[in-house]
Amino acid sequence: MLLYFVFVLGIGFALKRYMKTSKDFFQAGRALPAWICGLAFISANLGAQEVIGMGASGAKYGLETAHFYGIGAIPAMIFVGIFMMPFYYGSKARSVPEFLRLRFDEKTRALNACSFAVMTVFSSGISMYAMARLIQTLHVFDGLFHAMGRPPEDIFTFSIVLSAIIVLGYIFLGGLTSAIYNEVLQFFLIIAGFLPLVLLGLRNVGGWTGLKATLPVAYMHQWKGVMHSSTNPMGIEIFGLAMGLGFVLGSGYWCTDFLVIQTAMASKDMDSARKVPLIAAVPKMLFPFLVILPGLLAIALPTPHTVETVTKNADGSIIHNIQVVSPQVEQGKGIVPAKINPVTGQPMFTASGQPLLDYDMATPNMLLHYFPTGILGLGLTALLASFMSGMAGNVTAFNTVFTYDLYQSYIHKGASDRHYLAVGRWATVGGILFSIGTAYAVVSFNNIMDTLQLVFSVVNAPLFATFLLGMFWKRATGHGAFTGLIAGTGVALLHHGLTLPFEDRPGIHGGWIAVLHHYPSEMAQNFWGAIFAFSANFLVTVVVSLCTKPRPESELVGLVHSLTPKPPHHHLEWWQRPETLGIAVLIGAIALNIFFA
C-alpha cells in the first residue's frame with residue numbers, strides 16, 4: 001500500500017517538468033496512444049462507484065446489476081466511439097461545455113459547466129467516502145488514535161483528508177497526463193486484486209451451481225422477471241430498464257460526461273480518439289465477473305451469530321467458549337452488516353424499523369473474509385487504487401471545466417497561458433476541498449451506486465437530449481438547448497421531490513416536497529427520473545427551437561452530423577477501422593446478455 005502511494009506521487013513528480021503549457025496540463029498535449037487512453041477511459045469510471053457500488057448493487061439486486069454493462073455501457077461506448085468522437089475531437093473543443101458553446105451559445109455552455117462542476121465534486125466526494133469507510137472498517141489507525149486519546153469516529157475524517165492530500169499531490173504536479181498514467185496502473189492493480197477474490201469465493205460456495213442453489217431464483221437471472229416491476233429485486237420492468245438505463249442514463253453518461261470523454265480527447269489523432277471507447281469496451285464486458293460477483297457471494301454466505309461451545313475435558317472440567325459477534329453483523333445478511341453511521345456511531349434503520357443493510361461493505365468484507373495477510377494487502381491496495389482513480393478523474397475534469405469554461409470565459413479573459421496553468425492547479429485544490437464536504441452527504445445512503453445514478457439522472461440525462469438534438473438536428477437553437485436543459489433538470493428535481501422508494505423516509509432519498517408515488521427501489525426511482533428529465537428536455541428544446549431563429553448552416557459544419565464529412569481513415573485496412581471494432585464489441589455484448597439470461 002505504501003509502495004503504491006510512493007509510486008503514484010512519483011509519477012506526478014516525474015511528469016512535472018513536462019507541464020509547460022495549459023494544453024500539457026489539461027489535455028495531456030493531445031499526444032497519447034489509443035491503448036493508453038482506452039485503459040484510462042475505463043479506469044476513470046473504475047472508481048468507488050464501480051468497485052464498491054457494483055458489489056453493493058450485486059448484493060442488493062442480484063445479477064440484474066449486469067444490465068449496467070450489457071445495456072447501460074457497451075452500446076453507448078460503441079455509439080460515442082463511432083458517431084460522437086468525430087465531433088468532439090474534430091471541433092478542437094477543450095471540454096464538453098466548450099463543445100456546447102461551439103454548437104449552441106455561451107449561456108448553454110455556462111449552465112452545463114456549472115452543473116458538471118457540481119456533479120464531479122459529488123462523484124469525487126463519493127470516492128472519498130468509500131475510501132474512508134474502508135480504512136475505518138479495517139481499524140488501520142485505531143492504535144494511533146487510541147494512543148492520541150482521540151475517539152474512533154475521527155478516523156473517518158482523517159482518512160478523507162489523507163486520500164485528498166495524495167490525489168491533490170499527483171494531479172497538482174502532473175495534470176491529466178499524471179491522472180491517465182495512474183489510471184492505467186490502477187486498472188491492472190484492480191484486476192490483480194479482484195480476480196483471486198472471485199475465484200476463491202466461487203470455489204468456497206461450490207462454484208456457479210452452488211451459488212445458484214444458495215440464492216433466491218430472481219437473484220441469479222439477468223432477464224427473468226423483468227416483464228413486471230414486482231417480480232425482480234430492482235423493481236424495474238423492461239421499459240424502464242431499456243429506456244431509463246440503456247438509452248438515457250447509459251448514453252447520457254458515456255456520451256456526454258467529460259470525466260471519460262477527456263481521456264479520449266487526449267489521443268494523438270482522430271482514429272485513435274474513435275478507438276479509445278471501443279478498446280475500453282472490451283475489458284468492460286468482463287468486469288461483471290470481477291465487481292458484481294463479490295456482492296452476490298457476500299450475501300450468499302451464512303450470517304455470523306454469537307455461539308457458545310462447551311468442551312468437556314478428561315478430568316471432568318467444562319470449558320465454555322463464546323464467539324461474540326457484534327449486533328450489526330448479527331442483524332445483517334450474509335457478511336453484509338447492518339449500517340452504522342460512521343460519523344455518530346449510531347445504528348440506522350429503514351422506514352419500517354428494520355436494520356438498514358450496509359451493502360457498500362459487501363466487497364470490503366469479502367476481502368477480509370477470504371484473503372490472508374499478504375494477498376489482503378494487494379486486494380486493499382486495489383480498492384484504494386479504484387478510489388484514487390475515481391477521485392483523480394473527477395478532479396481533473398473539474399479543474400479543466402472551471403479554468404476554461406468559467407474562469408477564462410467569464411472571470412479573466414485574455415490572460416497569459418502561464419496564468420491559466422496556475423489557475424488550473426489552484427482549481428484542483430478547490431475541487432478537492434469541495435469534495436471533502438460532499439463526502440459527508442453520502443452517509444445516509446446504503447448503496448453508493450444509487451447515489452450516483454441519482455446525480456446522473458439530474459445532470460446527464462437531460463444533457464443527453466441536448467447533445468442528440470444538437471448533433472443530429474440542424475434546426476436546434478441555443479435558446480432551445482438552454483431552456484430545455486433548465487426544464488429537464490427542473491423536472492428531474494421535481495420528480496425526486498414528489499416520489500420515494502418504499503423503504504425510505506422523506507428527505508435526501510426523495511419525497512422532500514410531497515410523496516405522490518412510491519417506487520419499489522431507489523434504482524427504479526432514478527431510472528424513471530432520468531426518463532422524465534430526458535423527455536422534458538427533448539420536448540422543450542424542440543418547441544423553443546421551432547420558435548427561434550436557427551444558426552446558418554455554414555457555421556454548423558463539423559458540429560452537426562448531416563453537415564459534416566465522414567472522417568478519413570488514412571488508408572486503414574477494413575479490419576483496422578473503428579467501425580469493424582465496434583461491430584465486434586457489439587456481438588460480444590449480445591453474447592454477454594445471452595450468457596446471463
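Just so it is clear, the model here is predicted, and its values are computed rather than measured.
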Within 6.0 Å of CZ in Phe79, more than 12 heavy atoms from elsewhere: yes
Are side-chain heavy atoms of [X] and [Y] found at a separation under 4.5 Å?
X: Asp417; Y: Lys23; value: no
X: Ile74; Y: Lys284; value: yes
X: Leu406; Y: Cys114; value: yes
X: Leu384; Y: Met131; value: yes
X: Met265; Y: Gln262; value: no
X: Val80; Y: Met84; value: yes
X: Ser267; Y: Leu32; value: no

Ring centre gap for [X] and [Y] strictly below 6.0 Å:
X: Phe41; Y: Trp35; value: no
X: Tyr61; Y: His67; value: no
X: Phe26; Y: Tyr404; value: yes

Over 60° means perpendicular and under 30° means parallel, so classify the ring planes of Tyr88 and Phe99, tilted if in between. perpendicular
Please check this pair: side chain of [X] against backbone of [Y], looking for a donor-acceptor N/O pair closer than 3.5 Å.
X: Ser272; Y: Lys268; value: no
X: Tyr129; Y: Ser124; value: no
X: Thr65; Y: Gly62; value: yes

Minimum heavy-atom distance between Lys333 and Ile299, given as atom pair plus value: O-CD1, 3.7 Å
Closest heavy-atom pair, Val198 versus Phe289, reported as atoms and distance to 0.1 Å, is CG2-O, 3.2 Å
Can you check side-chain contact (heavy atoms from CB on, under 4.5 Å) on Leu376 and Leu380, steps first, answer last? CA-CA 6 Å; Leu376 179 62; Leu380 296 176; 3.8 Å; yes
So, is the end of the Arg150 side chain (NZ or CZ) under 6.0 Å from the ring centre of Phe145 and within 45° of the ring's axis? no
